[in-house]
Structure formats: C-alpha cells, structure tokens
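Please read the structure below before turning to the comments.
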Amino acid sequence: MDVLADKRILIGVSGGIAAYKACDLVRRLREAGAEVRVVMTAAAAEFVAPLTFQALSGHPVHRALLDADAEAAMGHIRLARWADAILVAPATADTVARLAHGRADDLLAAVCLATTAPLALAPAMNHAMWAHPATQANCASLTARGVHLWGPAEGDLACGEQGAGRMLEPADLIARLAGLFARGALTGTTVLVTAGPTREALDPVRYLTNRSSGRMGYALAAAAAEAGARVILVSGPTTLEPPARVRRVEVESAAQMHAAVLEHVAAADIFIAAAAVADYTAAPAAHKIKKGAQPWTLRLTRTADILAEVAARPHPPFTVGFAAETERVVENARAKRMRKGLDLVAANLVGDGRGFGDVDSALEVVWEGGGTSLPQAPKARLARSLIALVAERYHDKNRTAQDSRSQDRA
Ligand code: CTP
C-alpha cells in the first residue's frame, strides 16, 4: 500500500473493547510506511495500556488536553496540523456524539475540531446504541460535514448480542485510509455496480437461477475502487468476498436487486449493470410443492428491466450495460445500446463454456459514435481496462455537457 508511505496518520482511540483491534491497526499502518501518532481518551486507557500504543507507534501516546509538558512537546493544535488524516477507531457512541456536537473538552475532541485534514470514524458499539435515533442523527450531521463514517459491520458483538456495531477490520480501515490519498480516474465519483445471478423462488426450497458467478461485476467494483471511486456493489448470491473499499448490498431476487438499485441510484454518477438478472420470475408457493404424476407447468412473469429503468430516469447516471451474445456481437450490442438508451455497452460471446466463471474473457465495447475491442484477458485485467474506458467516456460526456451549457450562456 505505497500510497500510505510517509503519510502522517493520527489514530484516535476511544473507550470500547474494539480498542484492542486498534493496536493491530497501528502496527499495520507502520508496516505500510505511515508515520503514526496515537491520541487516547481516558476511557480508552482503561481497555489498553498506553504503553502498548507507544511501543507500536514508536511515539509517546497523547492523552491530556491540559498537560503543560505534553502541550509544550506537541500541543493539540500542532497535532491537528501535523496529521494528513485522522481516524478515530474505535469511535464509541459517546465519541460520535461528542464530535457531532463540536465538543473540545478532551484532547481527541479538540484535535478533531481543530483539524482541516480528512477525518474518519470507525464506529463500534452495541447494536441498539448504533440504531438509536440519537446516534443516527449524530452520524448524519457528521456525514453532512464531510466526515467519513466507515462501518460498523454486522456480526457477533462483545456484549454477546448480534447486529450492526462491530468495528471494521484493520485491513479494511487501512484500505479506506489509502483511498483518501489515492487519486485515480474516478476520484470523487460514486459508482453503483450490480453483479451475480438472481434467484427466483418457486417454493421455500426451489428456485430458478443462472450460471453467473459474479466475477466480472466484482472485478469491476474492485477496479472502480482502485480508480478512486466510492463503490456500491449490489450483489446477487455468490461465493465471492467483497473487494476492499467496496460497500456490498446483498440481495437475492430480481425484485430485491431492483429495489436496492433504486435506493442508491440517485447518488450514483456511473451505473454498471453487470448482473445476470432473471428476466422472468414466479409467484412462489407458500409451501413445498409435492411431486405428482402430472407434468408441472410454471407460469412466469417478466421482471423489471433495472438497466433500462435507470437509463430512462430524468437525470440518469452514466449508464453501462452488458450484453451476452451467442452471435453478431457488435451488431447486437449497438442495437441494445440504442434500445435501452445506454451510454456504453460491453458485449461478450457466450456459449460453449465461454463467458461464465473463472475464465479469461474478451469484450466488444460500443458507445455513441465509437467502439473498441478489449482482447482476451483474465477478468481482473479486463475489468481495469473497461473501467479506464468508462472513466474516459464519462469525463468526455461531462465535458461536452459543460461546453454546451457555457455556449448556451454566451
Ligand atoms: N438487466 C437488468 N435488469 C433486467 C435484465 C437485464 O438490469 N431485468 C441488465 C443486465 O445487467 C445487463 C443487460 O441488462 O447489463 C442485459 O440486457 P438484456 O436485454 O437482458 O440482454 P440479454 O439477457 O443479454 O439478452 P436478450 O436481449 O436476448 O434478452
């Protein structure tokens, strides 16, 4: 993670059990070449000894606001200016509340108030505290002020309960910190990607699905994140791990995928529909259907075309569709682009084992007035090439729109 080399990262540790994970975070940041200083709240020092952080960071831990010696060595204003980025991990419910209200009565709050560097919080708390409207309102006001909120994740909590409230893992936090410094072709944009198959239930135990592995969509999500985008990945059932710095929303049916896309599309600058969405669905039976002597006839109804619906919005994002073709790839891709009103279509040849799973693939890419071939390559490499093309076309379209707006004004 070269991007973190020589970066000055201030880690704020507040008083929750996840403070022990912050030790690993500091160690890994040092390994990545970052210079790390640690500020602990009084409660944090009840969970982990400051000496641990001193040993891991290679510097004395900063703890007190009103300590003349500490202020003389490196006061809160100098600390705030020193940092290239501040990450509070774990951020307890109390710390979130204090920062949301602009408090400055302990060192961590004062540094966060005084800094102009990017500030990120990794919340960790009991799930009911996280879900409480007070915490949610505090988070909303922090987000509105540009503070990054990373997590929490769902899972087993230290209190013995289950739910949202776990601090994100150190590796994930480090990837997100790196993202603050990476400047790529899609920095500052939000990319919404669909991936994988959908499952259409027939009864509680049976469903209709397809052969999509989700690999192409996941590779595109990873490549977009690498290019600096904020990425939301709406994924049907797959066995794949979510890529670093990608927010995954898991769905099962075409209807759920449709709803999840509609929920996030307003925030998206670019929409990439890589999912193999079922075109037909069934009204599932409430109980398992018993076999009988008679043939079973299924009555299927059409699902919503998510991609076409997104493209038809009044202010659509830059919209990218996929086409799986068994013949006349470019011709069919151009027709599909026109029919659905898309900015760009990536088409591949499927059938005879081509196209699905962990195999190399090739793409024919078409857009208005142009097109190119991306030759056979592993999906990760192909995804990077496609994201580079998408970024180029997206910026080109925005420039053209801006030019015509300035001409209108002139
Ligand atoms: N798509 C979608 N919602 C659907 C169906 C498809 O968003 N309900 C998207 C896919 O993610 C893909 C593109 O639309 O980007 C595929 O278009 P589609 O018309 O379904 O093409 P194919 O299934 O490849 O082919 P055909 O035209 O033969 O049905």
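No experiment lies behind these values; they were computed from the predicted model shown. One-based numbering, in listed order, for ligands and for the atoms of each.
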Task: Sub-4.0 Å atoms of ligand 1 with respect to non-hydrogen atoms of Ala275 - done: 10 (C), 11 (O)
Open item on the list: Please determine whether a side-chain nitrogen of the Lys or Arg among Glu35 and Lys7 lies less than 4.0 Å from a carboxylate oxygen of the Asp or Glu.
Closed with: no
Task: Contacts of type side-chain hydrogen bond (donor to acceptor under 3.5 Å, both in side chains), residue Ser141, not counting sequence neighbours - done: none
Open item on the list: I'd like to know if Arg166 pairs up with Glu154 as an ion pair, taking the criterion as any Lys NZ or Arg NE/NH1/NH2 lying under 4.0 Å from an Asp or Glu carboxylate oxygen.
Closed with: no
TODO: For the pair Lys336 and Glu325, find out whether any cationic side-chain nitrogen is under 4.0 Å from an anionic carboxylate oxygen.
DONE: yes
Open item on the list: For ligand 1, which is the ligand I care about here, please tell me if Val320 has any N or O atom under 3.5 Å from one of the ligand's N or O atoms.
Closed with: no
Task: Salt bridge present between Glu309 and Arg313 (N-O < 4.0 angstrom) - done: no
Open item on the list: For atom 4 (C) of ligand 1, what is the closest protein heavy atom, and at what distance to 0.1 Å?
Closed with: Val277 CB, 3.5 Å
TODO: Just need the protein heavy atom nearest to atom 19 (O) of ligand 1, so name the residue and atom and give the distance.
DONE: Lys340 NZ, 3.1 Å
TODO: Would you kindly check if the NZ (Lys) or CZ (Arg) of Arg337 is within the cone defined by 45 degrees around the ring axis of Trp367 and under 6.0 Å from the six-membered ring centre?
DONE: no
- [ ] Pick one of side chain, backbone, both or neither for how Ala304 approaches ligand 1, counting any non-hydrogen atom pair under 4.0 Å.
- [x] backbone
TODO: Look at atom 23 (O) of ligand 1 and say which protein heavy atom is nearest, naming residue and atom and giving the distance to 0.1 Å.
DONE: Asp279 OD2, 4.1 Å
Task: Side chains of Arg8 and Arg37 in contact at under 4.5 Å (non-hydrogen atoms) - done: no
TODO: Taking only heavy atoms of Gly321 into account, list the atoms of ligand 1 that are under 4.0 Å away from them.
DONE: 15 (O)
TODO: Please check if any side-chain donor atom of Asp360 sits under 3.5 Å from a side-chain acceptor atom of Gln376, or the reverse.
DONE: no
Open item on the list: Could you work out, for atom 3 (N) of ligand 1, the closest of Ile272, Ile306, Val310 by heavy-atom distance?
Closed with: Ile306
Task: Closest protein heavy atom to atom 7 (O) of ligand 1, given as residue, atom name and distance to 0.1 Å - done: Leu307 N, 2.9 Å
Task: ligand 1 contact on Asp305 by region, counting heavy-atom pairs under 4.0 Å - done: both
Open item on the list: Just to be sure I'm reading this right: ignoring hydrogens, which of Lys336, His258, Met257 gets closest to atom 24 (O) of ligand 1? Compare them by their nearest heavy atoms.
Closed with: Lys336
TODO: Please report which non-hydrogen protein atom sits nearest to atom 16 (C) of ligand 1, along with the residue it belongs to and the distance in Å to one decimal place.
DONE: Phe322 O, 3.0 Å
- [ ] May I ask you to list the atoms of ligand 1 that are less than 4.0 angstrom from any heavy atom of Thr303?
- [x] 8 (N)
- [ ] Report yes or no: is the cationic atom of Arg393 (NZ for Lys, CZ for Arg) under 6.0 Å from the centre of the six-membered ring of Phe318, at an angle within 45° of the ring normal?
- [x] no
Open item on the list: At less than 4.0 angstrom from any non-hydrogen atom of Ala324, what atoms of ligand 1 do you find?
Closed with: 24 (O)
Task: Approximate separation, where rounding is to 0.5 Å, of Ile11 CD1 and Leu173 CG - done: 8.0 Å
Open item on the list: Strictly inside 4.0 angstrom of atom 28 (O) of ligand 1, do you find any protein heavy atom?
Closed with: no
